[in-house]
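Quick notes on the structure that follows.
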Amino acid sequence: MQVMTEHTERDGDYEHHGGFPVYAADPDNGGPHFGRLVEALRTVQDLAVSTAPPPEVIAQAAEQAEALAALLAPYTAPEGHYPAGRSVGLPGRGSLLMLPWTVEKFDRTGVRSTGVFRRYHMGGNGAAHGGVLPLLFDDLFGMITHAAGRPISRTGYLHVNYRKITPLETPLVVEGRVDRVDGRKTFVSARLTEPDGTLLADAEALMIVLLPGQP
Ligand SMILES: CCCCCCCC/C=C\CCCCCCCC(=O)SCCNC(=O)CCNC(=O)[C@H](O)C(C)(C)COP(=O)(O)OP(=O)(O)OC[C@H]1O[C@@H](n2cnc3c(N)ncnc32)[C@H](O)[C@@H]1OP(=O)(O)O
């Protein structure tokens with residue numbers, strides 16, 4: 001996967017990143033234990049929304065969670081200086097906010113990512129929550145815009161068509177591309193499918209290049 005490297009082909013005005021801080025991928029993916037920590041925390045998230053332990057177990061879990069928070073709290077760092085979101089070799093770039101998906105293709109012609117929605121992402125009746133699909137598409141559209149060499153852009157609008165119930169714990173594919181560029185505007189689209197091509201959802205969005213200094 002090629003992300004924000006010196007070799008990525010870019011538009012001439014690429015360096016105008018609005019007011020964004022300068023980010024760089026973390027080549028170490030947060031070091032030898034970070035991926036393990038993120039996966040353990042994801043499993044805790046899955047269990048936190050799907051278990052009904054007795055009060056004494058909840059009390060024990062609360063104590064351990066509070067102890068973990070106290071362990072990490074002294075190490076807060078400025079945006080762009082922690083591995084979460086920059087560990088491009090980890091599912092969801094090592095960010096708990098992102099879906100734990102793996103980028104398989106990342107170039108000017110588009111981005112493809114594969115993964116599953118987990119228990120944590122459930123809405124109702126065993127299906128993925130409607131709100132996590134825009135999250136998946138929005139992050140994909142950010143990557144597509146980036147992979148196409150466009151300057152840092154923000155989402156102007158994002159439209160999702162929910163075509164079919166999105167299952168949990170089922171390998172899925174999301175793939176999208178730039179459809180059209182018009183000045184600062186990048187029109188992008190993507191499809192979420194099962195491996196056999198069954199369409200679950202599709203989306204289109206407008207990504208707008210930030211002006212110098214724009215937040
Ligand atoms: C990381 C480390 C290394 C590893 C890297 C791994 C890969 C990384 C990949 C990726 C990186 C991540 C990159 C970030 C991605 C983030 C994505 C988001 O979710 S952003 C959050 C949600 N979006 C907002 O919060 C925007 C809020 N809105 C705004 O800030 C403004 O509206 C803004 C800047 C988007 C535009 O405002 P104006 O005043 O500059 O521009 P105006 O004139 O309004 O619009 C420009 C053109 O766009 C049209 N336009 C604007 N909004 C529209 C809309 N909603 N519908 C239709 N047209 C719209 C306008 O009509 C105008 O068009 P005409 O030039 O006249 O043709």
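Counting from 1, the numbers follow the sequence of the chain as shown. One-based numbering, in listed order, for ligands and for the atoms of each. These numbers were taken from a predicted model, which means no experiment stands behind them.
For residues 116-140, the pairs satisfying salt bridge (Lys or Arg N to Asp or Glu O under 4.0 Å) are Glu39-Arg118, Asp46-Arg118, Arg93-Asp139, with sequence neighbours left out.
Close N/O approach between Gln214 and ligand 1 is found [any backbone or side-chain N/O within under 3.5 Å].
With a 6.0 Å radius and a threshold of 12 heavy atoms from other residues, nucleotides or ligands, Asn125 has its CG atom at or below the threshold. The neighbour count for Tyr157 OH, taken as heavy atoms of other residues, nucleotides or ligands under 6.0 Å away, is above 12. Within a 6.0 Å sphere centred on CG of Leu68, other residues, nucleotides and ligands contribute more than 12 heavy atoms.
Between Ala147 and ligand 1 there is no heavy-atom distance shorter than 4.0 Å. Gly183 does not count as a contact of ligand 1, since none of its heavy atoms falls under 4.0 Å from the ligand.
Proximity of Leu210 to ligand 1, defined as any heavy-atom pair under 4.0 Å, is confined to the side chain (atoms from C-beta onward). Counting heavy atoms under 4.0 Å from ligand 1, residue Asp138 touches it through the side chain alone. When non-hydrogen atoms are compared, ligand 1 lies under 4.0 Å from the side chain of Leu206 (C-beta onward) but not from its backbone. When heavy-atom distances to ligand 1 are checked against a 4.0 Å cut-off, Ser153 comes that close only through its backbone atoms N, CA, C and O.
With ligand atoms numbered from 1 in the order given, ligand 1 contributes 55 (N) to contacts under 4.0 Å with heavy atoms of Gly156. Under a 4.0 Å criterion applied to the non-hydrogen atoms of Arg154, ligand 1 contributes the atoms 20 (S), 21 (C), 24 (C), 26 (C). If you number the atoms of ligand 1 from 1 as listed, the ones under 4.0 Å from a heavy atom of Arg86 come out as 2 (C). The contact set between ligand 1 and Ala25, taken as ligand atoms under 4.0 Å from a residue heavy atom, comprises 3 (C). The contact set between ligand 1 and Gly85, taken as ligand atoms under 4.0 Å from a residue heavy atom, comprises 1 (C).
The structure places CG of Leu133 at 11.0 Å from NE2 of His121, a figure rounded to the nearest 0.5 Å.
Closest to atom 65 (O) of ligand 1 by heavy atom, among Arg93, Lys185, Arg184, is Lys185.
Proximity of Pro91 to Val38: side-chain heavy atoms (C-beta onward) are nowhere separated by under 4.5 Å. With contacts defined as side-chain heavy-atom distances shorter than 4.5 Å, the pair Asp202/Arg191 qualifies.
At least one donor-acceptor pair under 3.5 Å links the side chain of Arg86 to the backbone N or O of Ala24.
Scanning both residues, Met207 and Ser153, for their nearest heavy atoms gives CB-CB, 3.9 Å.
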